[in-house]
Structure formats: C-alpha cells, structure tokens
Amino acid sequence: MIERVLNDFDIDQIANSGQCFRFHRVGDKSYNLIAGTHLLNIQQNGRTVRFDCDEDEFNAIWRPYFDLDTDYGRCKAAVAKRDTYLQNAVAYGGGLRILRQDLWETILCFIISQQNNIARITKCVENLCSLFGETCYNKSEQVYNSIPTAERLAACTPEDLAPVRLGYRAKYICAAARQVASGVVDLEAVRHMDYAHAKAELLRLTGVGIKVAECICLFALHHIDAFPVDTHIRQMLDAHYPKGFPLKRYKGFAGVMQQYAFYYELSLKD
DNA sequence: AGCCAGGCTCCGT
DNA sequence: ACGGAGCATGGC
C-alpha cells in the first residue's frame, strides 16, 4: 500500500475527464482502474491518495501513469490573468492530469470515440474487453479483462465484433488491428518518435484522423503539445477565442489547457 | 421523436 | 487539395 499527499490531483475529475474509459467507481473517491494489463484500486481522501500496490509497481506503473512528477501548478500559473474563460476552466478542473496510457488501448478507445458520446464509448470499450480481452488476475485473485490484443482483433471480421455494438467503427478496428499485428504500422517505433512523426504514423491507421491521432499523442504518448479539436472544443473556440486560441503562449503544454477546457465544457452541458 | 455525440472514409469537383 | 454525403448506434 502506497500513500502520497498530492497537489493538483482529483481522482473524480481524472476518472470523468474522458481520457480513459476504464475507471470503475467502487465508492466515495474510490475506483478500480484497468490500464493495460494492470488493475489498480485507488482511493483519495483530501490530498491523500492511496494506491493499492507495492512500491516497485507504484514507481514503474502508476507514478508515470498519473504524471505525478509534473508540477501542474506551473501550468495553471501560466494562464493569462485576463483570460477569464481559462481561469474558470482551471478553477473547475484543477485536479486533472494528463495520463500516460497504453498505446494500443488508447488507439482502440479513440477510434471508438469518434462521432460517439462518452457514455456509449464506455459501454463499447467494456463490451470489447469482456468479449475479446485477455483474462487477467492480480495478486488478490481479482479477475478482469484487458483490452484485446491487435493479434486477436486482426483475426476477427466486423461481423465477429457485432456484439460489441461498435457500429461502423467495427471495420476500422479490424483494419487497424491488422495493420498493427502485421507490423505495417510499428507501434514500438511510434513510441520513440517525436510528436510530428508519431502523429503522421498514427494517421496511417484506418479510422484514425487528425483529431484521434492528437488524442493518442496526448493521452498515451504524452506529447503534451497536442491540442485535439473535437466538437466541444470547436464550439468553445468559436465562442471564446474567435481570433484563435493562444497556442504560442502555452507552447509545450497546450494539451493541458485543452484538457481543462474540455472538462469544463462537459460540465456546462449537463 | 429527433438531435447529437471527443470524426473518418470515400468520392465528387 | 478540398468539401460534403454517408455512416451505426443509442443517450438525452
């Protein structure tokens, strides 16, 4: 069991930020999270966060996953004083983090995300894992399913995936899985590329366009210059930044600002 | 009931 | 190179 006192960290905000679709709420500020082949129970009480794992796993997996070595206070302090929109967004979602998620898992989740809503994305991801994922066990003998491998999905047809209810995205998933399993797109190489090259390589995947590629760059590869523009961000930009978002001001961490804005926009719509 | 959702591919110009 | 139709499904 690991306990840490953390600033700028709110597990509810992180779990509901639409970066990861594999947080399962199990109690007050308490979640089971499946990331790659790992399962974590995490619980927050005030600034104290409890990670149910040993120190080696914490350092190897969860510390980078939650980006705990980054000072988000510095990002927040960079927000222009007169920019009341971003000031409000930061005040609202000040506990957000940019996660370092598994690359293949993020590719699948964000292919599924297109032209879809978060509630249904979550269901599709759950279906995909429970029907095609690898069965995993942790030390406490908890059973859970990881995201299916590219090899497993490459052997599937879109009809095979029908129970997942992916709609027209099923054929994208099958095609992308074949590209990855065959090595036509080398994800291990993508991991070591800079932002521009990684984005270009991801764009070769069927079902991955600019927006999805930028989400993958931001939420898996931690290229925090990425600034995905989806329908919510588009509306926000039109309403609050008609002359364009000040990307230069936030160069090097624009993706963090994007995430504050995205989470704030979601809150304004329910 | 009808609009919309963390868009993309494909096919005309 | 660019623009628009079509796309599956279900939440609200």
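Letters A, B, ... are given to chains in the order of the sequence lines, protein chains preceding strands, and every chain is numbered from 1.
- The nearest whole Å value for the distance from the CZ atom in A:Phe21 to the P atom in B:dA5 is 15 Å.
- For the C1' atom pair drawn from C:dG10 and B:dT9, the interatomic distance equals 22 Å after rounding to whole Å.
- For the pair A:Asp270 CG and B:dA5 C1', the computed distance is 14 Å after rounding to whole Å.
- Considering only side-chain atoms of A:Val212, the nucleotide from B:dG7, C:dT9, C:dA8 that sits closest is B:dG7.
- By the 4.0 Å N-to-carboxylate-O rule, A:Arg234 lies too far from A:Asp230 to be salt-bridged with it.
- DNA chain C is contacted by A:Gln115, A:Asn117, A:Arg120 of residues 112-122 of chain A, taking any non-hydrogen atom closer than 4.0 Å.
- OP1 or OP2 of B:dA5 has at least one side-chain nitrogen or oxygen of A:Thr231 nearer than 4.0 Å.
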Symbol by symbol from the 5' end, with Watson-Crick or G-U pairs under 3.5 Å, [ ] crossing and | another strand, DNA chain B is .||||.|||||||
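- Within 4.0 Å of A:Gly18, counting heavy atoms only, lies at least one base atom of the nucleic acid.
- Rounded to a whole angstrom, the distance from the P atom of C:dA5 to that of B:dC3 is 16 Å.
- Among the heavy atoms of the strands lying under 4.0 Å from A:Gln235 are primed sugar atoms or P, OP1, OP2 only; no base atom is included.
- Within the nucleic acid shown, A:Val229 has no heavy atom closer than 4.0 Å to any nucleic acid atom.
- Using a 4.0 Å heavy-atom cutoff across all strands shown, A:Phe219 reaches at least one base atom of the nucleic acid.
- In this structure, A:Glu126 atom CD and C:dG11 atom P are separated by 12 Å, rounded to whole Å.
- A:Phe262 qualifies as a stacking partner of the B:dG6 base, centre to centre under 5.5 Å and near-parallel within 30°.
- Taking only distance into account, the side chain of A:Tyr168 meets the base of B:dG7 through a donor-acceptor pair shorter than 3.5 Å.
- Here the rule is side-chain contact (heavy atoms from CB on, under 4.5 Å) with A:Leu221, and of A:Leu202, A:Asp194, A:Thr106 only A:Leu202 fits it.
- The backbone N or O of A:Gly36 sits less than 3.5 Å from a side-chain atom of A:Glu105, completing a donor-acceptor pair.
- Both A:Pro228 and A:Val208 lie near DNA chain B, and the one whose nearest nucleotide falls closer to the 5' end is A:Pro228.
- The hydrophobic cluster containing A:Phe227 also contains A:Leu266, counting ILVMFWY residues as joined when their side-chain heavy atoms lie under 4.5 angstrom apart, directly or transitively.
- With C:dA8, C:dG10, B:dA5 as the candidates, the nucleotide lying closest to the side chain of A:His232 is B:dA5.
- Nucleotides B:dC11 and C:dA8 place their P atoms 14 Å apart, quoted to the nearest Å.
- C:dT9 atom C1' lies 12 Å from atom CG of A:Asn127, rounded to whole Å.
- Rounded to whole Å, atom P of C:dA8 lies 8 Å from atom OH of A:Tyr172.
- A:Gln87 and A:Lys76 are not linked by any side-chain donor-acceptor pair at a separation below 3.5 angstrom, with hydrogens and angles left out of the test.
- Taking only side-chain atoms of A:Asp230, from C-beta outward, the nucleotide of B:dG6, B:dC8, C:dC7 with the closest atom is B:dG6.
- Within a 6.0 Å sphere centred on CZ of A:Arg74, other residues, nucleotides and ligands contribute 12 heavy atoms or fewer.
- The separation between A:Leu266 atom CG and C:dC12 atom C1' is 14 Å, rounded to whole Å.
- Atom CG of A:Asn45 sits in a sparse spot, with 12 or fewer heavy atoms from other residues, nucleotides or ligands closer than 6.0 Å.
- Distance A:Lys123 NZ to B:dA5 P: 18 Å, rounded to the nearest Å.
- Remark: of the listed residues A:Leu218, A:Ile216, A:Ile210, A:Ile210 is the sole one forming a side-chain contact (heavy atoms from CB on, under 4.5 Å) with A:Glu214.
- Going from the P atom of C:dG6 to that of B:dG6 covers 24 Å, rounded to whole Å.
- A 6.0 Å sphere centred on CZ of A:Arg4 holds more than 12 heavy atoms belonging to other residues, nucleotides or ligands.
- Using a 4.0 Å heavy-atom distance criterion, A:Ile210 is classed as a sugar-phosphate-only contact.
- Atom NE2 of A:His240 has more than 12 heavy atoms from other residues, nucleotides or ligands within 6.0 Å.
- Among the heavy atoms of the strands lying under 4.0 Å from A:Lys171 are primed sugar atoms or P, OP1, OP2 only; no base atom is included.
- Side chains of A:Glu126 and A:Ser130: no donor on one and acceptor on the other come within 3.5 Å.
- In this structure, CZ of A:Arg169 is placed 17 Å from C1' of B:dC10, rounded to the nearest angstrom.
- At the heavy-atom level, A:Leu205 lies under 4.0 Å from the strands shown only through sugar-phosphate atoms.
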